[in-house]
Colleague: 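To start, I am sharing the structure in question, which I have written as structure tokens.
Below, each value reflects all heavy atoms present in this structure, side chains not excepted, and no hydrogens, waters or symmetry copies.
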Amino acid sequence: MGIVDSKSAPDGSELPTSVWGRYREGGALIGFKVKWREPVRPGVYQQRSHTVVASASGWKSALAEAERFLRGAQGIAHRGEKVARPGHGHAVTLDELFDDWVDRYASRQLSPRYVTDSARLWGREVSPVVLGDDGARTFGDLTLSEIMEQPAWLVAYQEALDATGLGDATRRKILFLIRGVLERGQRWYPEVLTRNAAVSMFEMPSGKRRRLVRAPSLIAVHRIRESILARATRDPLRPLIEAALVATMGETIALRPSELLHSARWEDLHERTLWLQRSEDAFGEDHAEPGLKTGARGTRILPTAREDLLGLRNALEERFGAQPDHGLIFQKLGRDGPLWTADGESVGWTLDDYKRFTERVYRPARLAAAAAKDVAAWVARMRFYDLRHGAVSLALHGGMPQHLLTRYSGHSEKTLNDVYSHIIKEYEGQPNVDMAEEARKARAYVAAHPHRYNLSAGPQNAQQRRRRARRASESARPKAGR
């Protein structure tokens with residue numbers, strides 16, 4: 001039994017603008033949903049919604065109440081203010097909380113694909129699941145107060161989910177999604193959700209790692225950087241950007257790719273640290289940069305990576321003039337320089353830009369680096385994200401206290417001990433190393449022992465040759481009608 005939004009009233013007449021009727025798939029009216037936009041900051045708006053539940057007094061009175069609420073909400077939004085959430089959250093349903101989660105959090109910070117997958121899972125496997133033998137309630141219709149007063153609803157949902165026959169991986173995704181939605185609900189409705197009941201009530205399917213984290217050596221990082229710099233390109237600025245990206249990922253403790261690309265700005269680069277920023281507006285709403293998973297934190301940057309970034313900035317300024325401090329370090333480039341929005345905001349890399357970099361630049365570079373005698377063969381299959389693992393492992397070898405390492409990396413202490421337990425054991429009892437000195441030694445070694453790269457044999461060049469050959473054969477083929 002799913003939920004359907006319609007522009008028709010129960011008598012068949014068309015509903016006013018920005019008002020939708022909410023019906024069960026069987027045709028029963030739930031209420032009326034109104035939508036409006038509120039300003040977040042100049043030029044940026046967020047979608048808000050509220051559902052007026054139809055009562056026994058009839059649907060016409062619920063429709064009139066919905067229209068009154070909409071007029072009031074639009075007036076408040078027009079003044080640049082924020083509409084208070086009615087009922088202090090007690091009557092908010094899980095479906096409404098999920099809509100808020102998408103509008104206020106996921107669409108800003110998570111990838112579009114993850115948001116789409118989450119909406120699909122919620123619509124198919126969460127909201128319409130019938131609870132109880134009488135079939136009178138669905139999971140999405142439960143209110144937040146019901147979840148807190150009767151946590152057994154969560155147990156009943158998991159039993160129904162287990163009976164669907166879905167695989168462990170899919171069930172884990174669904175349960176983690178519900179946990180995440182309720183976690184945001186705790187921040188927005190603290191007077192109702194005093195705790196996240198899903199954490200204690202759900203039994204998560206086994207999710208043991210199928211492979212150990214493998215950390216690349218600093219020499220491998222610099223071999224990849226070396227192969228990128230050796231690549232022939234039309235624009236000599238492009239290899240500098242890509243090499244600085246690799247060096248910063250491998251020698252900063254510790255970044256996620258999305259955090260580095262969407263959050264790090266020139267004003268955040270300091271002598272020993274690189275800051276990832278997060279801000280709050282006048283309403284107390286969080287506005288983290290997209291991809292900023294664990295909020296504001298400082299990361300430890302090694303001098304070698306900082307040198308690459310400063311060299312990149314000098315190259316940008318030589319060509320395009322002075323770079324504003326509030327611009328992203330890895331800002332998207334146009335013909336006339338780094339791109340800016342009409343509101344004066346940096347234009348960062350998109351997901352397609354990142355995928356293009358990992359496939360067309362990073363992948364051939366790691367294959368070329370793996371051919372060097374001083375680099376492990378498995379580096380040929382190393383993901384770009386594995387550079388983060390290498391940075392964390394270097395910090396463990398350097399003897400960094402775990403409370404500092406969790407702060408720099410954005411990990412919890414439990415995650416750190418679970419994921420890197422084999423690396424912690426490997427370095428146990430060994431003398432600590434100086435991380436900055438190790439990075440300098442690796443860079444000096446690679447510079448003193450350059451590797452001859454056969455970049456013409458890379459997979460991307462092979463694809464280009466095949467495309468050129470196909471185009472040549474097609475152009476030589478007789479045209480129809482000649």
Colleague: I'd like to know if the side chain of Glu317 and the backbone of Asn314 have a donor-acceptor N/O pair within less than 3.5 Å.
Modeller: no
Colleague: Which heavy atom of Ala254 sits nearest to which heavy atom of Arg297, and what is that distance?
Modeller: O-NH2, 2.9 Å
Colleague: Once the angle between the rings of Tyr362 and Phe384 is folded into 0 to 90°, is it parallel (under 30°), tilted (30 to 60°) or perpendicular (over 60°)?
Modeller: perpendicular
Colleague: Can you give each donor-acceptor pair under 3.5 Å made by side-chain atoms of residues 333-340, sequence neighbours left out, with the distance rounded to 0.1 Å?
Modeller:
none

Colleague: Give a yes/no verdict on a cation-pi contact between Arg184 and Tyr105, requiring under 6.0 Å between NZ or CZ and the six-membered ring centre and an angle within 45° of the axis.
Modeller: yes
Colleague: Within a strict 4.5 Å, meaning less than it, do heavy atoms of the Leu276 and Asp268 side chains meet?
Modeller: no
Colleague: Looking only at non-hydrogen atoms, find the nearest pair between Leu70 and Lys35 and report the distance.
Modeller: CD1-O, 3.5 Å
Colleague: How would you list, by chain and number, every residue that makes a ring pair (Phe, Tyr, Trp, His ring centres under 6.0 Å) with Trp20, sequence neighbours excluded?
Modeller: none
Colleague: Side chains of Arg272 and Arg306: does their closest heavy-atom pair fall under 4.5 Å?
Modeller: no
Colleague: Give a yes or no on whether the backbone of Ile224 and the side-chain of Ser227 come within a donor-acceptor separation of less than 3.5 Å.
Modeller: yes
Colleague: Can you list the steps and then say if Thr116 with Arg120 is a side chain to side chain contact (heavy atoms under 4.5 Å, CB included)?
Modeller: CA-CA 6 Å; Thr116 302; Arg120 177 181 55 80; 5.7 Å; no
Colleague: If you look at every heavy atom in Val34 and Val19, which pair is closest and at what distance?
Modeller: CG1-CG2, 3.9 Å
Colleague: With a 3.5 Å distance limit and no angle check, can you tell me whether Arg225 reaches the backbone of Ala247 through a side-chain donor-acceptor pair?
Modeller: no
Colleague: Does any part of the side chain of Ile301, heavy atoms only, come nearer than 4.5 Å to the side chain of Leu309, both counted from C-beta?
Modeller: yes
Colleague: Indicate yes or no: at least one non-hydrogen side-chain atom of Glu183 is less than 4.5 angstrom from one of Arg179.
Modeller: no
Colleague: Thinking salt bridges, do Arg313 and Asp308 make one under a 4.0 Å N-O criterion?
Modeller: no
Colleague: Test side chain to side chain contact (heavy atoms under 4.5 Å, CB included) on Leu351 and Lys355; report intermediate values, then the result.
Modeller: CA-CA 6 Å; Leu351 183 60; Lys355 288 181 177 178; 3.9 Å; yes
Colleague: Where do Pro216 and Leu387 come nearest, in terms of heavy atoms and distance?
Modeller: CG-CD2, 4.3 Å
Colleague: Got a sec: does the CH2 of Trp275 have more than 12 other heavy atoms crowding it under 6.0 Å?
Modeller: no
Colleague: Assess whether a salt bridge exists between Arg238 and Asp235, defined as any Lys/Arg side-chain N lying under 4.0 Å from an Asp/Glu carboxylate O.
Modeller: no
Colleague: Applying side chain to side chain contact (heavy atoms under 4.5 Å, CB included) to Ile253 and Thr299, what does each step give before you reach the verdict?
Modeller: CA-CA 6 Å; Ile253 303 160; Thr299 56; over 6 Å; no
Colleague: Decide yes or no on salt bridge (charged side-chain N to carboxylate O under 4.0 Å, His left out) for Asp352 and Arg356, but give the supporting numbers first.
Modeller: CA-CA 6 Å; Asp352 287 339; Arg356 194 176 298 114; 5.5 Å; no
Colleague: Atom NE2 of residue position His270 - does it have more than 12 heavy atoms of other residues, nucleotides or ligands inside 6.0 Å?
Modeller: yes
Colleague: For the CG atom of Leu416 and the CD1 atom of Ile423, what is their distance to the nearest 0.5 Å?
Modeller: 9.5 Å
Colleague: So, do Ser18 and Trp36 sit near enough that their side-chain heavy atoms are less than 4.5 Å apart?
Modeller: no
Colleague: Specify the closest pair of heavy atoms between Arg256 and Ser409, including all atoms of both residues, with the distance to one decimal.
Modeller: NH1-O, 3.9 Å
Colleague: With rounding to the nearest 0.5 Å, note down the distance linking OG in Ser346 to CZ in Phe330.
Modeller: 13.0 Å
Colleague: Working to the nearest 0.5 angstrom, can you tell me the gap between Thr93 OG1 and Asp99 CG?
Modeller: 7.5 Å
Colleague: Charged N to carboxylate O below 4.0 Å: is that the case for Lys332 and Asp353?
Modeller: yes
Colleague: Tell me, please, which residues at least two apart from Thr415 pass side-chain hydrogen bond (donor to acceptor under 3.5 Å, both in side chains).
Modeller: Ser412
Colleague: So, Thr406 side chain and His403 main chain: donor-acceptor pair closer than 3.5 Å or not?
Modeller: yes
Colleague: Within a strict 4.5 Å, meaning less than it, do heavy atoms of the Leu274 and Ile329 side chains meet?
Modeller: yes
Colleague: Can you confirm whether more than 12 heavy atoms, excluding those of Arg319, are under 6.0 Å from its CZ atom?
Modeller: yes
Colleague: Under 4.0 Å between a Lys/Arg side-chain N and an Asp/Glu carboxylate O for Lys173 and Asp168?
Modeller: no
Colleague: Taking the ring of Tyr420 and the ring of His411, is the distance between their centroids below 6.0 Å?
Modeller: yes
Colleague: Hey, are the side chains of Val246 and Phe357 touching, using non-hydrogen atoms and a 4.5 Å cut-off?
Modeller: yes
Colleague: Any carboxylate oxygen within less than 4.0 angstrom of a Lys/Arg side-chain nitrogen, looking at Asp434 and Arg440?
Modeller: no
Colleague: Between CZ of Arg383 and CZ of Arg388, what distance do you get to the nearest 0.5 Å?
Modeller: 11.0 Å
Colleague: Say you draw a straight line from CG of Leu312 to CD of Glu242; how long is it, rounded to the nearest 0.5 Å?
Modeller: 11.0 Å
Colleague: Calculate, to the nearest 0.5 Å, the distance between atoms OG1 and CG belonging to Thr341 and Asp343 respectively.
Modeller: 4.5 Å
Colleague: Considering only heavy atoms from C-beta outward, does the side chain of His397 approach that of Glu426 to under 4.5 Å?
Modeller: no
Colleague: When you look at CZ of Arg113, are more than 12 heavy atoms from neighbouring residues, nucleotides or ligands closer to it than 6.0 Å?
Modeller: no
Colleague: Strictly under 6.0 Å, is that where the ring centroids of Trp122 and Phe98 end up?
Modeller: yes
Colleague: Strictly distance-based, threshold 3.5 Å: is any side-chain N or O of Thr252 a donor or acceptor partner for the main-chain N or O of Leu255?
Modeller: no
Colleague: What's the shortest heavy-atom distance between Ala436 and Pro303, and which atoms?
Modeller: CB-CD, 3.7 Å
Colleague: Would you tell me whether Asp95 and Ser127 have side-chain atoms, one donor and one acceptor, within less than 3.5 Å of each other?
Modeller: yes
Colleague: What I want to find out is whether Arg171 reaches Glu125 closely enough, with some N-O distance under 4.0 Å, to be called a salt bridge.
Modeller: no
Colleague: Compute whether any side-chain donor of one residue and acceptor of the other, for Tyr445 and Asp374, lie under 3.5 angstrom apart.
Modeller: yes
Colleague: For His326, does its backbone N or O pair with a side-chain atom of Arg265 as donor and acceptor, under 3.5 Å?
Modeller: yes
Colleague: Between Arg300 and Glu251, does any side-chain N to carboxylate O distance fall below 4.0 Å?
Modeller: no
Colleague: Could you go through the side chain to side chain contact (heavy atoms under 4.5 Å, CB included) check for His389 and Arg214 one step at a time?
Modeller: CA-CA 7 Å; His389 297 318; Arg214 289 195 286 187; over 6 Å; no
